[in-house]
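The first residue in the sequence is number 1, and the count goes up from there. Bear in mind that the values here come from a model prediction, so they are computed numbers and not experimental data.
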Amino acid sequence: GASALLASLRAGATVMSELGRLESTPNEVMRDVCGDCDLAPRPVRFEQTNSTVPFGDKLVIKVFRQLEPGLNAEIEVGSFLTAHAPRGVTPRVVGAVHYHRPGAEPTAVAVAHEFLPNQGTAWDLYENHLDTLFDRVLSGHLEAPPTPAEHLYDLVGREPPPEFIELAGAHLRHARRLGQRIAEVHVLLASGTDPGFAPEPFTQMHQQSLFQGVRTMLVRTAETLQRKRGSLPESVRGDVDLFLTSRSAIEARLREVSARIIDTTRVRSHGDLHLGQVLWTGDDFVLIDFEGEPGRPLSDRRRKRSPLRDLAGMIQSFSYAVESDLYAGHQRPQDVTRLRPWARAWMAWTGAACLAGYLETPGVRALIPAKPEDTRLLLDFYRLEKVVYEVNYELNNRPEWLPIPMRGLRDIVGVGGGASP
């Protein structure tokens with residue numbers, strides 16, 4: 001099946017049926033990536049919403065398993081970047097397969113990208129970073145540096161304590177480079193001039209819809225937590241209760257996004273950015289998977305948003321990486337208390353380094369608010385949106401992991417004490 005799909009793509013074949021036609025469309029990059037090479041598929045990697053089939057070290061075909069008529073963001077954004085970005089910024093799109101049915105928009109069935117050599121994802125890189133850091137802290141009985149009290153935005157330009165740089169200097173350099181790569185993609189996407197890519201202003205109506213959208217998710221999440229509380233593991237019920245009692249405080253923080261006019265820009269962006277959506281090549285980062293959040297309709301994934309949403313998602317992903325290292329069995333329970341202050345300092349300085357790399361990238365300042373207080377507000381809003389999304393996700397998939405997003409909630413909103421270890 002996979003080999004036939006590749007053959008169809010390379011030939012630009014069309015398969016007719018009574019109900020419609022399946023059309024494979026290669027582009028000029030296909031000849032560059034694998035003109036006449038003989039490629040065999042490697043084992044299929046199943047993900048939640050699609051299947052990924054690598055062919056040697058040349059290309060990767062992603063088959064979508066959630067099919068919906070309409071313009072697919074991954075193909076649209078990927079094709080734009082293939083045409084406008086320097087080589088190596090993202091994997092180039094080499095072709096796509098669409099199903100055409102009379103009277104309906106085409107449905108994306110599959111997309112092919114060039115394969116870029118890599119050493120895994122940024123999540124893998126930081127998991128290794130954290131394991132090494134925590135091993136050194138525990139074996140050396142090292143005293144943690146103080147956790148900065150300032151907002152991440154206000155840590156940009158500040159120097160971390162020397163003992164932190166000594167142990168985690170590479171982590172900070174990598175975070176800064178990652179911030180730069182995210183910003184470069186945003187600047188490229190904002191350079192588009194056709195209606196699908198041309199930047200648009202923030203409006204009060206957009207700000208109001210931002211708040212209403214997250215408030216709806218918050219209400220549903222709280223109702224589900226209330227309903228499922230009795231069936232959840234006892235170890236997470238304190239976190240559930242904290243979320244429920246904090247709901248009005250969370251809503252008040254979210255509402256701030258609509259309290260004043262924010263003068264900034266909306267652009268096309270990644271839409272679902274975290275450490276697992278970035279490849280580590282050994283000395284650099286490459287963003288992948290521009291399809292947006294799979295649970296959202298295609299039309300919603302194509303909406304323009306503040307690029308700070310992507311950045312907030314990445315900062316929350318750093319938080320998730322450190323929390324999962326502490327919480328998911330990597331560390332002995334008795335060591336978690338000793339490591340917790342290091343984790344908090346690591347999260348603050350790594351997030352600030354990523355933000356610093358982002359802000360220093362040429363062209364990016366035009367895409368974010370001129371007022372620092374508006375940038376802080378949007379970062380907090382989007383981080384909080386991500387936390388509510390994560391609580392809902394873990395509730396439905398891994399209830400025992402609920403304490404991880406809950407700690408993020410405490411960090412952003414400042415509610416509760418130390419309900420989870």
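Counting only N and O atoms by type, the side chains of Thr281 and Asp283 include a donor and acceptor under 3.5 Å apart. Neither side chain, His98 nor Asn72, offers a donor N or O lying under 3.5 Å from an acceptor on the other. A side-chain donor from one of Asp124 and Thr121 sits under 3.5 Å from a side-chain acceptor of the other.
Of all the heavy atoms in Ala345 and Thr147, the pair that sits closest is N-OG1, 3.8 Å. Across Ser51 and Arg65, no two heavy atoms sit closer than the pair OG-NE, 3.2 Å.
Every residue two or more places apart in sequence or in another chain was checked for a side-chain hydrogen bond (donor to acceptor under 3.5 Å, both in side chains) with Lys371, and none qualifies. By the side-chain contact (heavy atoms from CB on, under 4.5 Å) test, Arg303 pairs with Asp300, Arg305, sequence neighbours left out. For the side-chain hydrogen bond (donor to acceptor under 3.5 Å, both in side chains) test, residues two or more places apart in sequence or in another chain that qualify with Arg309 are Glu293, Glu385. With sequence neighbours excluded, no residue forms a side-chain hydrogen bond (donor to acceptor under 3.5 Å, both in side chains) with Thr245. Every residue two or more places apart in sequence or in another chain that forms a side-chain contact (heavy atoms from CB on, under 4.5 Å) with Val219 is listed here: Arg215, Glu223, Arg247.
At a threshold of 4.5 Å between non-hydrogen side-chain atoms, the residues Asn396 and Lys228 count as touching.
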Before giving the answer on side chain to side chain donor-acceptor pair (under 3.5 Å), spell out for Gln331 and Asp325 the whole-Å C-alpha distance, their side-chain angles and the decisive distance to 0.1 Å. CA-CA 7 Å; Gln331 307 297 337; Asp325 196 291; 2.9 Å; yes
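Using a 30° and 60° split on the angle between ring planes, His174 and Tyr126 fall in the perpendicular class, above 60°. Aromatic ring pairs are classed by plane angle as parallel below 30°, tilted from 30° to 60° and perpendicular above 60°; the pair His171 and Trp346 is perpendicular. Ring geometry for Phe202 against His206 counts as perpendicular: the plane angle is over 60°, on a 0 to 90° scale with 30° as the lower cut.
In this structure, Lys62 pairs ionically with Asp289, as a charged nitrogen and a carboxylate oxygen lie closer than 4.0 Å.
No donor-acceptor distance shorter than 3.5 angstrom exists from the side chain of Ser8 to the backbone of Ala4, with no hydrogens or angles considered.
Residue Arg260 qualifies as enclosed at atom CZ: its count of foreign heavy atoms under 6.0 Å is above 12.
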Under 3.5 Å, sequence neighbours excluded: what are the donor-acceptor pairs made by side chains of residues 80-93?
{"residue": "Thr82", "atom": "OG1", "partner": "Gly78", "partner atom": "O", "Å": "2.7"}
{"residue": "Thr82", "atom": "OG1", "partner": "Val93", "partner atom": "N", "Å": "2.9"}
{"residue": "His84", "atom": "ND1", "partner": "Phe80", "partner atom": "O", "Å": "2.8"}
{"residue": "Arg92", "atom": "NE", "partner": "Glu114", "partner atom": "OE2", "Å": "3.0"}
{"residue": "Arg92", "atom": "NH1", "partner": "Asp32", "partner atom": "OD2", "Å": "3.1"}
{"residue": "Arg92", "atom": "NH2", "partner": "Asp32", "partner atom": "OD2", "Å": "3.0"}
{"residue": "Arg92", "atom": "NH2", "partner": "Glu114", "partner atom": "OE1", "Å": "3.3"}

